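A quick write-up on the structure given underneath.
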Amino acid sequence: MSTSSIAPRYWLMIATLGFVWGGTFLLIKIALDGITPFWLAAGRIGFAALLLCSVWGWRGFRLFHAERNWLSLGLIGVFSTAVPFMLINWGQQHVSSGFTGISMAAIPLMVLPLAHVFVPGEQMTLRRLIGFAIGFVGVALLIGSKAFESSGAELETYGRIACLSSAACYSVSSILTRRLPAVDPLGLAAVVLVIGSIIIVPVAWLAEGPPPRPDNQTLLLVAFLGLVPTAAANFLRVIVVREAGPTFMTLTNYQVPVWAVVLGAVFLGEALPPLMLLAMALILGGLGLSQLGALRRLFASSR
C-alpha cells in the first residue's frame, strides 16, 4: 500500500498502539520490583503466545497463503520479541527512563534508510527525513534533561547499548515483516511470539536460574503485559506493518514518550516538562510533515 493512500483505520491503530505502549514502561518498572528481567520477558511473551495460539488454532492454524519463507519468519521472531525484550528489560536497570524513551524514538530514524533500500515504494525523501528529525527533537525536548543524563550505574554504557540495540532489532523486524510473502496476520503474530518463547525461556533459566515465585501483584502485571501490550498490540503491529508499511508504523514511536509523560503526570503526580507544548507541537508537526501526502488524502476522503 502506498503511504499516500493509508486508510483511516491504520491511523486509529497507531494511535492505539502509541497509547498502550506509552504506559508499558511504567508497568515494566513496577513489575521488575517483583521479578527478574529475563523472566519478566519470558512470562510476558509466553502468556501472549498462549493467548494468540488459542485464537489461531480456533481459526485453523492458517499461516502462509502460498509461497513460504521460514527463515525470515524465524528472524522476525528473534528480532521482534525475544531479543529486544531481554535487551530493554536488562538495559532499563542501568539507564535513566528518559534514555529508554529516546532509544525508542530513534526507531523511525533507523527504519527510514532501511525501508528506502529494502521496501519498494518506501523511498526516503528529504521531506520525510526532515519530518522525522523534527519529531525526534520534539521527543528530546519532551523528555528534557533526563533524555541523556547519567544514571550513575556502573554498567550504564552497556545499558545504553542494550536499549539502542533493542531499537535496532525492532527496526529490522519491521522490514522483514513487510517483505514476507502473503501470510495470515494472526498466524504471523502467534508464530512470532512462539518463536520468542522458545528462545527466551531457556535463556532466562540459564541467566537467572529457575523462575521466581512472584507475588499476586506481579503476576497480574505480567498477565496484563502479556495480554495488552504484547498479544493484542503485536497483532495490530503486524497488520499495520504488512498493510500500511514499516515507515508509517514508526509514527507510533514518537507518540509513546508523549503518553508516558502524560500518564506519569496523571497517575504518579509527576511534573510536566516546561517545554511540553513546544515539544508536542514539534512532534505533531514533524509527523505531519513526514506523512503530508497521506494526511491530505485522509482529509480529502472524509469530505
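Quick caveat, the model's predicted, so the values are computed rather than measured.
I198 and L63 fall into different hydrophobic clusters, where Ile, Leu, Val, Met, Phe, Trp and Tyr residues are linked whenever their side-chain heavy atoms come under 4.5 Å apart, directly or through other members. Following chains of ILVMFWY side-chain contacts shorter than 4.5 Å, one can reach W21 starting from L52, so the two form part of one hydrophobic cluster. In this structure, I283 is a member of the same hydrophobic cluster as V20, with clusters built from ILVMFWY side-chain heavy atoms closer than 4.5 Å. Hydrophobic clustering of Ile, Leu, Val, Met, Phe, Trp and Tyr side chains at less than 4.5 Å, counting indirect connections, keeps I161 apart from L155. Cluster annotation: I195 and W70 are assigned to the same hydrophobic cluster (Ile/Leu/Val/Met/Phe/Trp/Tyr, side-chain heavy-atom contacts under 4.5 Å, transitive).
Distance CG/L109 to CZ/F136: 6.5 Å, rounded to 0.5 Å. A distance of 9.0 Å separates OH in Y170 from CG in L87, rounded to the nearest 0.5 Å. M110 CE to N253 CG: the interatomic distance, rounded to the nearest 0.5 Å, is 10.0 Å. Interatomic distance, I200 CD1 to I45 CD1, rounded to the nearest 0.5 Å: 4.0 Å. Once rounded to the nearest 0.5 Å, the distance linking CE of M104 with SG of C163 reads 6.0 Å. Here CD1 of I175 is found 12.0 Å from CG of L180. Values are rounded to the nearest 0.5 Å.
Among all heavy-atom pairs drawn from N69 and F64, the shortest one is N-CZ, 3.5 Å. The minimum heavy-atom distance between G159 and H94, with the atom names listed, is CA-CB, 4.3 Å. Contact detail for G34 and T218: the closest heavy-atom pair is CA-OG1, 3.6 Å. Nearest heavy atom pair, residue C169 against residue V83, reads SG-CG1, 3.7 Å. T247 and A115 make their closest contact through OG1-CB, 3.5 Å (heavy atoms, listed as atom of the first residue, atom of the second, distance). Closest non-hydrogen pair, I14 versus Q255, comes out as O-NE2, 3.2 Å.
R127 places a side-chain N or O within donor-acceptor distance of the main-chain N or O of L289, the cut-off being under 3.5 Å. Listed for the S166 side chain is no donor-acceptor partner under 3.5 Å among the backbone atoms of A162. A donor-acceptor pair is defined here as one N or O able to donate and one able to accept, closer than 3.5 Å; such a pair exists between the side chain of Y254 and the backbone of F132. Checked by atom type and distance alone, the side chain of R242 pairs as donor or acceptor with a backbone atom of T177 at under 3.5 Å.
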Check residues 223-230 and write down every donor-acceptor pair under 3.5 Å in which the side-chain atom is one partner and the other belongs to a residue at least two apart or another chain.
{"residue": "T230", "atom": "OG1", "partner": "R44", "partner atom": "NE", "Å": "2.5"}
{"residue": "T230", "atom": "OG1", "partner": "L225", "partner atom": "O", "Å": "2.5"}

side-chain contact (heavy atoms from CB on, under 4.5 Å) between M249 and V111, intermediate numbers included:
CA-CA 10 Å; M249 177 63 206; V111 166; over 6 Å; no

Tell me, with the steps shown, if L164 and F99 meet side-chain contact (heavy atoms from CB on, under 4.5 Å).
CA-CA 9 Å; L164 290 171; F99 186 83; 4.2 Å; yes

Mind running side-chain contact (heavy atoms from CB on, under 4.5 Å) on W39 and V222 for me, showing each step along the way?
CA-CA 10 Å; W39 278 116; V222 172; over 6 Å; no

Could you please spell out the steps behind the side-chain contact (heavy atoms from CB on, under 4.5 Å) verdict for L73 and R68?
CA-CA 9 Å; L73 185 61; R68 292 170 170 79; over 6 Å; no

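For the ring pair (Phe, Tyr, Trp, His ring centres under 6.0 Å) test, no residue two or more places apart in sequence or in another chain qualifies with F118. Every side-chain contact (heavy atoms from CB on, under 4.5 Å) that I239 has, sequence neighbours left out, goes to Y10, M13, P185, F235, E243.
By the 4.5 Å heavy-atom criterion applied to side chains, R237 and T252 are not counted as neighbours. Residues P37 and F85 are not in side-chain contact: their nearest non-hydrogen atoms beyond the backbone lie 4.5 Å or more apart.
Between R160 and S103, the side chains place no donor N or O within less than 3.5 Å of an acceptor N or O (distance only, hydrogens not considered).
Partner P257 forms a side-chain contact (heavy atoms from CB on, under 4.5 Å) with one of V139, V262, I102 and no other, that one being V139.
Heavy atoms from other residues, nucleotides or ligands lying under 6.0 Å from CZ of F19 number 12 at most.
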